[in-house]
Amino acid sequence: MVVLELFLKDANMCFGCSQDNPIGLKLEFKLQGDTCRAVFRPDQIHQGWNGYMHGGLISTLLDEAMGQWLWLSKIPGMTAEMTTRFSLGVPIGEEITVEAWCEGQRGRLYELAARVILPDGKVAARAGAKFLRVQAKAE
């Protein structure tokens, strides 16, 4: 098995979490108990409908949170399948929380869940995904 460091070698340009990516979201996740969490304030550049965050970027937040749960757990994995449900619009300019957790694991398959929480505590979007544990190719 190739060590995790090889898999992560070029991770410094990740759209979701890299501080070096000039157009990225620059999310900073922390694993708190069994939950991976970050806070984000969408700006006008993240807009879909006037005043609301673009749905594709909301999906990106959810996917990144689940991927970060694996990353912070030192499990190299990639999204295999993801289902997203939107309940409420995510307003531009308001601080939101995105969080993820693992719901189960069988062999190389990890099942994770995530949600976006508005400042009033309401859940704006949820996702469930299957991630596959991967091995990096040796150079």
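Bear in mind the structure is a predicted one, so any value in this text is a computation, not a measurement. Residue numbers start at 1 and run along the sequence shown.
- In terms of heavy atoms, Val123 sits closest to Leu88 at O-CD1, 3.9 Å.
- Residues Leu72 and Leu62 share a hydrophobic cluster, clusters being chains of Ile/Leu/Val/Met/Phe/Trp/Tyr side chains in contact below 4.5 Å.
- For the pair Pro42 and Pro91, the tightest heavy-atom approach, listed with the atom from each and the gap, is CG-O, 3.6 Å.
- Minimum heavy-atom separation, Thr35 to Glu99: CG2-CB, 3.7 Å.
- Distance check: Arg126 CZ to Ile117 CD1 gives 9.0 Å after rounding to the nearest 0.5 Å.
- When all heavy atoms are compared, the tightest approach of Cys102 to Tyr110 is SG-CD2, 4.2 Å.
- Between the SG atom of Cys36 and the CG atom of Leu27 there is a distance of 10.0 Å, given to the nearest 0.5 Å.
- In this structure, Asp120 contributes its side chain and Lys122 its backbone to a donor-acceptor pair below 3.5 Å.
- Glu103 and Trp101 share a donor-acceptor pair across their side chains, judged by distance under 3.5 Å alone.
- From Phe40, atom CZ reaches atom CG of Leu61 across 6.0 Å, with rounding to the nearest 0.5 Å.
- Looking at every heavy atom in both residues, Thr79 comes nearest to Phe131 through OG1-CE2, 3.2 Å.
- At least one donor-acceptor pair closer than 3.5 Å links the side chain of Gln105 to the backbone N or O of Gly107.
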